[in-house]
Protein chains: 2
Amino acid sequence: MSESPFRVRPGHAAATPGASMSGPEAEERVVSAVVEAILGHRIAPGTRLIERELASYAGASRSAIRNGLLTLAHAGLVELSPNKGATIAMCSPGEARQIFEARIVIEAAVLDIVAHTLNDAGRARLDAFIDEESTAYEAGRMEEARHLSRRFHLLVAELSGNDVLTGFVRDLINRQPLLSWTREARKSRFCGNEAHQRIADALARGDGAEAARLNTEHLRELERELRTDRDSAIKSVGGDEAGQDPRPRPA
Amino acid sequence: MSESPFRVRPGHAAATPGASMSGPEAEERVVSAVVEAILGHRIAPGTRLIERELASYAGASRSAIRNGLLTLAHAGLVELSPNKGATIAMCSPGEARQIFEARIVIEAAVLDIVAHTLNDAGRARLDAFIDEESTAYEAGRMEEARHLSRRFHLLVAELSGNDVLTGFVRDLINRQPLLSWTREARKSRFCGNEAHQRIADALARGDGAEAARLNTEHLRELERELRTDRDSAIKSVGGDEAGQDPRPRPA
DNA sequence: TCCATCAAGATTGTTGACAATCTATTCATT
DNA sequence: AATGAATAGATTGTCAACAATCTTGATGGA
C-alpha cells in the first residue's frame, strides 16, 4: 500500500484500528486532514475517498466520516455521487473560470471595505504579515510561502469584519489547488509577494479602487499561468501524471 | 405546537410511522420542507428541531434527518450544538448587517456582469419574470409575490452564468426570512416590484453601474425596514438576544 | 420564598450489522 | 481476439438498539 496522503497532526496518534478515539473532534479531524492534503498538493483531484479507509485512518466511525464528507462536499472540495462514493472534486476549466471571477469580484468588494475601515491595528497586522511572507519567500521555504500567499487574501477578508464574505473567500481559496494540480512544486514568478505588498500599500493609503485593481490583475495573472500549465500538461499526456507520486490509491 | 409548520408536498403521503418510504429522497425532502417552512414564515428562528419528530414526519430514519440537518447547517439555516440538537438559526443584528452587506457587494458585481453579457434570451426571461411578479402583486397574492421577489435576485445571478456566485446569492437569500421574523404578513411598501422593474430596465440598457446602484438602494431600504421592525418588536416582546456567535465553518 | 440537589424522562451520539448497489474479474460465445 | 453476460468482491446506504448527555420537574433545606 502506498503512503497515505494525509499528514498526521501533532498530538494525534496515527491510525490505531483498535483505538476508537471518537468524538465530535473526529469529524473535524477528517475534514481538516483532507483540506490540508488538498492544500499541500498531496492528493489529486479525482482520487476516490473510501469511507472505511478514512475511518480507520482517523480512528473514527463511518458516521463521522460521512458527516465530514458532507461538509467537504458543501465546501466544493469533494464530490458525492449516490451509491458511488466520494472523490476529490475535479474542476472543469469552466468552473475554474467561475471561481476566479467570483474571487475577483468578492475580493474587490472586500478590499474596498477594508480601504475605508482600516485602523492602526489592522495596518499593523498587514505589515507584519507581509514581512513574514517575504521572509518565507526569501528563505526559499516555498511550502510555507504558498500557505501564506493564500492566507494573505483571507487576512484581507477578515479585516473587512464581515464573516459572511470571509467564509466565501475561504471556500474559494481552499478550492484553488483543485484548479491547477500540476503547479505543485514549481516556483511561480507571479506568486511572489510583490503583488501583495502593492495591494497592502494601496490599502494603507485608503485607495480601495487601486487595491482592487491590483488584486484583479494579480488574480488574472494567476489564472493565465494556470491555463498555460493546463495546456502544457495536455501535450505531455500520460507520463507527467503517472510520474507524480500522489496517485489514486492502487487498492 | 399542535400544527406542524411543515407543509406536505403534493404526491407525498404524510407521516405514516409504519411506512418506511426511505431513500435518497428522504433527506432532500426534509431539507426542502424546512427551507419552505422558513421561507413561508411558518417556523420561527430558535425553534428546536427534534430528530425523531422530523423522522416520523418525513417517514425517514434518523440518519437521513441528520444528514439533512447538516446540510441545512452548512447553508446557515439551522444551528447545531453538540448534544443539544438543532434549532432554526437566529441571526443577531450584526450578522444581519453582514448578510445585507454581502448581498449588496455580490449582487452589484453580478449586475455588472449581466449588464455586459445580457442577450435577447436573457432579456426575454427578465421581461417575462417582471410581468409575472407584477401580476402577482396586483392580484394581491402576497405569498407568491414574496416568493417571486426573492426569485428575482436569484434570476439575475443565474443570468450572470456564474454558478459559484449564484450559489452564494441563493444561500444569502434563503437566510433572509431569519432576519425579519416579524415581517410575516405585512405588505411592505418597498417590496413592490417597481424597484425590480427599474433594475431590469437598467440591465436592458447595459448600464451595470446604475443597476447596481438601484439594487444597493433597494437592499438598504429593506434593511432599514427590517431594523424598524426589530425595534418595534423589542418594545412589544422585551427580550432581545445578545450577539450570537457566528456558526463554525469548515477549516 | 429561594436555591441547590437529585432523579426520571427525553434527546442526541455512536456503533455494528445487514441490505442494496456498484465494480472488476472471469468465462462463455461469436 | 473481441464482446457481452454472470459472478464474486467491495463499497455505500440504511436501520435499530444502546450509551452518553442534556433537560425538566420535584424535593428538601436554609
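First the proteins, then the strands, lettered A, B, ... as listed; each starts at 1.
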Item to check | Residues B/Thr71 and A/His74: side-chain donor-acceptor under 3.5 angstrom | outcome: no
Checklist entry - Counting side-chain heavy atoms from CB outward, which of C/dG13, D/dC15, D/dG13 is closest to A/Glu51? => result D/dG13
Next on the checklist: Measuring from the side chain of A/Arg52 (C-beta onward, heavy atoms only), which nucleotide among D/dC15, D/dT11, D/dT14 has the closest atom?
Outcome noted: D/dT11
Checklist outcome for this item: Quick note, side-chain hydrogen bond (donor to acceptor under 3.5 Å, both in side chains) partners involving residues 162-171 of chain B, not counting sequence neighbours, are A/Glu101-B/Asn162
Checklist entry - Is any side-chain nitrogen or oxygen of B/Ser61 closer than 4.0 Å to OP1 or OP2 of D/dT14? => result no
Next on the checklist: Holding to side-chain hydrogen bond (donor to acceptor under 3.5 Å, both in side chains), I want the full list of residues that pass it with A/Glu51, two or more places apart in sequence or in another chain.
Outcome noted: A/Arg62, A/Arg66
Item to check | Separation of C/dT15 P from B/Arg66 CZ (nearest whole Å) | outcome: 12 Å
Checklist outcome for this item: Of the listed D/dC15, D/dT12, C/dG13, the closest approach to the B/Ser63 side chain comes from D/dC15
Next on the checklist: Tell me every residue that passes side-chain hydrogen bond (donor to acceptor under 3.5 Å, both in side chains) with B/Arg125, counting only those two or more places apart in sequence or in another chain.
Outcome noted: B/Glu158
Checklist entry - Taking atom P of D/dT12 as reference, at what distance in whole Å does atom CD of A/Glu53 sit? => result 9 Å
Checklist entry - To the nearest angstrom, how far is B/Leu49 atom CG from C/dT12 atom C1'? => result 13 Å
Checklist entry - Rounding to a whole Å, what distance do you find between B/Asn67:CG and D/dG13:P? => result 9 Å
Checklist outcome for this item: note: A/Ile50, atom CD1; C/dT23, atom P; distance rounded to Å ~ 12 Å
Next on the checklist: B/Phe100: which residues meet the ring pair (Phe, Tyr, Trp, His ring centres under 6.0 Å) condition with it, sequence neighbours left out?
Outcome noted: none
Checklist outcome for this item: With sequence neighbours left out, the residues meeting side chain to side chain contact (heavy atoms under 4.5 Å, CB included) with A/Thr87 are A/Arg48, A/Glu79
Checklist entry - To the nearest Å, how far apart are B/Ile65 CD1 and D/dC15 C1'? => result 13 Å
Checklist entry - Nucleotide by nucleotide, 5' to 3', does protein get under 4.0 Å of the base (B), only the sugar-phosphate (S), or neither (-) in nucleotides 17-25 of chain D, counting heavy atoms? => result ----SSS--
Item to check | Backbone N/O of B/Glu28 and side chain of B/Ser32: donor-acceptor pair under 3.5 Å | outcome: yes
Item to check | Rounded interatomic separation in angstrom, taking CG from B/Leu69 and P from C/dT12 | outcome: 9 Å
